[in-house]
Amino acid sequence: MERGESSNMNRRTFLKLSALTGAAVGLHQITPPSSVVSVSHPPRKKHGAFEEKWVPTSCLGCSGRCAIKVRVVNGRAVKIVGNPFSLLSDGKVCPRAHVGLQILYDPERIGSPLKRSNREKGRGIDPQWSPISWDQALKEIKDRLRSLREIHKPHQLLMLHGLNSKSTEDMLFRFGEAFGTPNIVSGDGLDGEAEKTGNWMADGHHEFSAYDFDRTQYLLLFGADLLESGRPLSRLLRKWGKIRRERPSRVKIVMVHPRYSVTSAKSDEWIPIFPGTEGTLAMGMAYVILQEKLYDKAFIERWTAGFENYKKVVFRFPLEQVSTITGIPSYTIQRLAREFAMTKPAIAIGGKGAYALPEGSYHGYAIRCLNGLVGSIDIPGGLLYQEKPNYKTIPPVAEDQIAKKGRKRPLIQLGGSERFPFARSVTNQVPESILKDIPYSIEMAIGFNCNFMMTAPSTKRWEEAMKKVPFYIHLSPFVSEMALYADILLPTTTYLEEWGYEHSSPGAGFAEMRIKQPVVQPYGEAKSSTDILLMLAKRLGGSVEKSFTSLGEGHEGFVKLRTSSLMDWKGLLEKGVWVGPEYQYKKYDRIFNTPSKRFEFSSGNLETLIAKSGKRGERQREDRHRYDAVRFLGEKESYPFVLHPYQPLMAFEHGSQNYPWAQEIYLPLQGTGWDTPVEINSETARRLGIREGDEIWVESPFSKIKARAKCSEGLQPEVIAIPSGQGHYAYGRWQKGIGVNPNELIGVDFDGISGQASYFNTRVKVYKA
Amino acid sequence: MESAVRLPILIQGSKSTRPEEEKMPKWAMVIDLDKCTGCQACIVACKAENNVPHGSPEEQRRRRDIYWNKIIAVTRGRYPKVQTELIPMPCMQCDHPPCVTVCPARATYRREDGIVIQNYRRCIGCKYCMVACPYGARSFNFRKQDEMEYHRPDLPPDPGSREVWPFPVRTQGVVEKCTFCFHRIDRGIREGKRIGVEVLPACVEACPSCAMAFGDLDDPQSPVSIAFGSRTAFRLREELKTNPKVIYLPR
């Protein structure tokens, strides 16, 4: 709290200072305007009675979960702005936050529980929904759940969750634990498991990195589309402006990427690279840094382990070889390496394109080690370790014997099994497991706001799997693709109608928590996921009910209880944000969770796991540092291009895209919306006789889709890029039938260590339709 | 008929040299293309603020969708030496606006503070101004009257209550354009607030990278003047001598 005020003070002083000294010193910047909202005055009561209020709450357009303020007039939310108390992004929000109004007032939301009458399931089959009462819906679900526990098979319940509030996540984990199922699957395995695992190999933190942009001097991006799919996006957008022109020195940003993205366009340099070789480039750069002895000797001597071993590995990748693999001239690699090592502090950041690959964890590890090499670990202007708010601990669940036994069963996503000995979340394994009953059959599934049917590679398998699940319950505000397979569809509230607490995905370093409170009345009979879980627990009775009795009154009570350790309730409701203590740098004596308690260039964590897992691990030992060739799906002869699916800024992550404000400006670089053109290098297109706007087929060994061609100068010649997020077929006048979904083309492949689904290693061919 | 937008009535072309007029501010906007991230928050914020109707695939195909502010992409070069500039394009609020010159109905005019305004009640929908505008900043409203709210169920049900934040009711068959959010400025002045610091147009307020500055160009202390003086600046199509008041700072 005090922090927020002092920051405001700083901003004011800064404003004054720059006004005074602007001309003399020649500050090359625009001073950030005050975040005071222009209409904070009491409204004039001229045209009848109206009620106006600003409600601080939290966004859920992505896992950034920014603090927002919503203007409510006569019970309608009419405007969303950032909350100035949030220091994560200096009170700024990304464009997705503004679209929240259209998420809330989506004309095709569902207002009451729906039950399917058509027993047949599948794409294009009408479920023939009939509305039922909440009582009836919950009774049916409860009966099913209870019978699973009665036959001592609670593990046959599968819980899938997409993008939910932190409070809802906590609640559903608790429900799973109390009920007795170990099968709670998130979308993590589709998203950032490889990056997290790479980080964990180096320093023991299985988490995304936070970055101190305020003080950095150089940014090297390995395909990190910070300005589109980066998270927390609002922070990245704000800091981008800051590091460019609000400091005495302008930060240089270099983007290495197969595609000329918005981030590439806004960087100082764009260096096209052959897809999937970002990790190799990191090794090549390390080679230069080691050879020219540009590394941070003090840090490496005092706080790292395995350096000699690392040297040996790096010297297996001489510059010439790296240049051939990546397609980047060796003098460019040399120059980048020198710039990166000699501009201090510098940060190297990888993107999904560098990680969502069969050897993704190693690529992540290579990029992490590059940061370690120049000593950018936990220093001002380097990588930070995200702190989390200390929510009040709640009493442990009241597990009974059934639950205890169920929880001990192996996971259906196979994390920790023979197949994925080191993985924690293998989301894309779920459909195979369901279809082949590995390791047992799934009798019932509950989906919380997830839409893996659109977002996971090889979408057809998910359709088959969900068809097979005997009883599926879906919770969501709208009929998403996955909801089409539900036996009972429960309408949930959007993030503007419910209680909760949130904190960002790693970004700022210091902890920050935001309250989420209803700004308007829920639509129809919609209820929040947490309230639904509480009602189910109550109906189930026994130990499940007991696990939820001491958590306060309902959803609001739960949030109040959990946040009571941070801030008083009234202050929190008014301010909306709690900011943790100032970040402490250089915590080297306690920050590394590795066997040597140091930053490890040769991963002790991985060694330990390999030693534990026996034979299967041995293969991993051999696979290690495989940076010379990416394992692609499809033969190069018949499928000459590599598919590059990418997420534009306006793609939402909660399973719907039915928002015209987002749809019409979907692709700013192409100047179009409402479509997913297939980007193809213009020279390649000319060779293939494809012209701008032609209908073309994109075919992988697994599937094919038809779309319009877009010739581009900003694409590596061997790459075909298609934006993801479109191709919805379930509902929505503003999304149904618009564009195609590149995930349909992608084959099933995993990163051997983390279980991350591979998105960027499918080969395709294109031809005129 | 109820007026479409409550426009302040101003006398056009008045050449009086009253002392108040000397104090008339000169509203301008500076957009730093180096800080701009191309995120389009300005576009969405404008749509939300001004009730600008969203388009549809069909309208976009026929280029009939309405934007008061739009990011355009200008690409130069060939692979691998390619350079794309993403440029936010609000109305340039020219000092010598060609649109005003050509308007046969005197529906568009320049306020004394330099903001170019469209009077929907006078507009006859001839689109001369759209042809004349060198920046493509103007849009024609093809929408039918019965779609007035354009699927904006978030708007307060009682139009009277919109006074507090004037979501303008739309009018079919007229040309419309960016107003520099004059409603915010006018209210700000009435309430004695500092324009450019406390009161900003919706796009400037929403800009997450703080790439946009707004204020009085005649006031050397205003954020917009400081930004303008910070480094080389340029305006679009300078050779036409339209004197735009949207100023860009290059990369």
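Atoms considered below: every heavy atom in the structure, side chains included; atoms not considered: hydrogens, waters and symmetry mates. In what follows, every chain begins at residue 1, and chains take the letters A, B, ... in the order their sequences are listed.
- Remark: Lys47(B) engages Glu664(A) in a salt bridge, criterion side-chain N to carboxylate O under 4.0 Å.
- Looking at Gln60(B), the atoms closer than 4.5 Å to chain A (heavy atoms on both sides) all sit in the side chain, from C-beta outward.
- If you measure heavy-atom distances from Ile72(B) to chain A, you find no contacts under 4.5 Å at all.
- Contacts between Ser682(A) and chain B at a heavy-atom distance below 4.5 Å involve the side chain alone, from C-beta outward.
- For the set Ala662(A), Gly714(A), Gly673(A), the count of heavy-atom pairs under 4.5 angstrom toward chain B peaks at Gly673(A).
- There is no contact between Glu59(B) and chain A, counting heavy-atom distances below 4.5 Å.
- Legend: ring-ring contact (aromatic ring centres under 6.0 Å, His included) pairs involving residues 187-217 of chain B, not counting sequence neighbours, sorted by first then second residue: Trp27(B)-Phe214(B), Phe180(B)-Phe214(B).
- Asp219(B) meets the salt bridge (charged side-chain N to carboxylate O under 4.0 Å, His left out) test with no other residue; sequence neighbours excluded.
- Shown here for Arg244(A) and Asp34(B), the closest heavy-atom pair between the two residues is CG-O, 3.5 Å.
- Side chain of Lys266(A) to main chain of Cys36(B): a donor-acceptor pair is present (N/O by atom type, distance under 3.5 Å, no hydrogens or angles).
- Contact of Arg251(B) with chain A is made through backbone and side chain together, with heavy-atom distances under 4.5 Å.
- Using a 4.5 Å cut-off between heavy atoms, Leu649(A) contacts chain B through its side chain alone, with no backbone atom that close.
- For Thr75(B), no part lies under 4.5 angstrom from a heavy atom of chain A.
- Interface remark: Leu227(A) contributes side-chain atoms only to the contact with chain B (heavy atom separation under 4.5 Å).
- For the options Val93(A), Ile271(A), Leu233(A), heavy-atom pairs under 4.5 Å to chain B are most numerous at Val93(A).
- Interface remark: Tyr67(B) contributes side-chain atoms only to the contact with chain A (heavy atom separation under 4.5 Å).
- Between Arg76(B) and Glu713(A) there is no salt bridge, since no side-chain nitrogen of the basic residue lies less than 4.0 Å from a carboxylate oxygen of the acidic one.
- Few gaps surround CZ on Phe274(A); more than 12 heavy atoms of other groups in view lie less than 6.0 Å from it.
- Heavy atoms of Ser56(B) lying under 4.5 Å from chain A belong to its backbone as well as its side chain.
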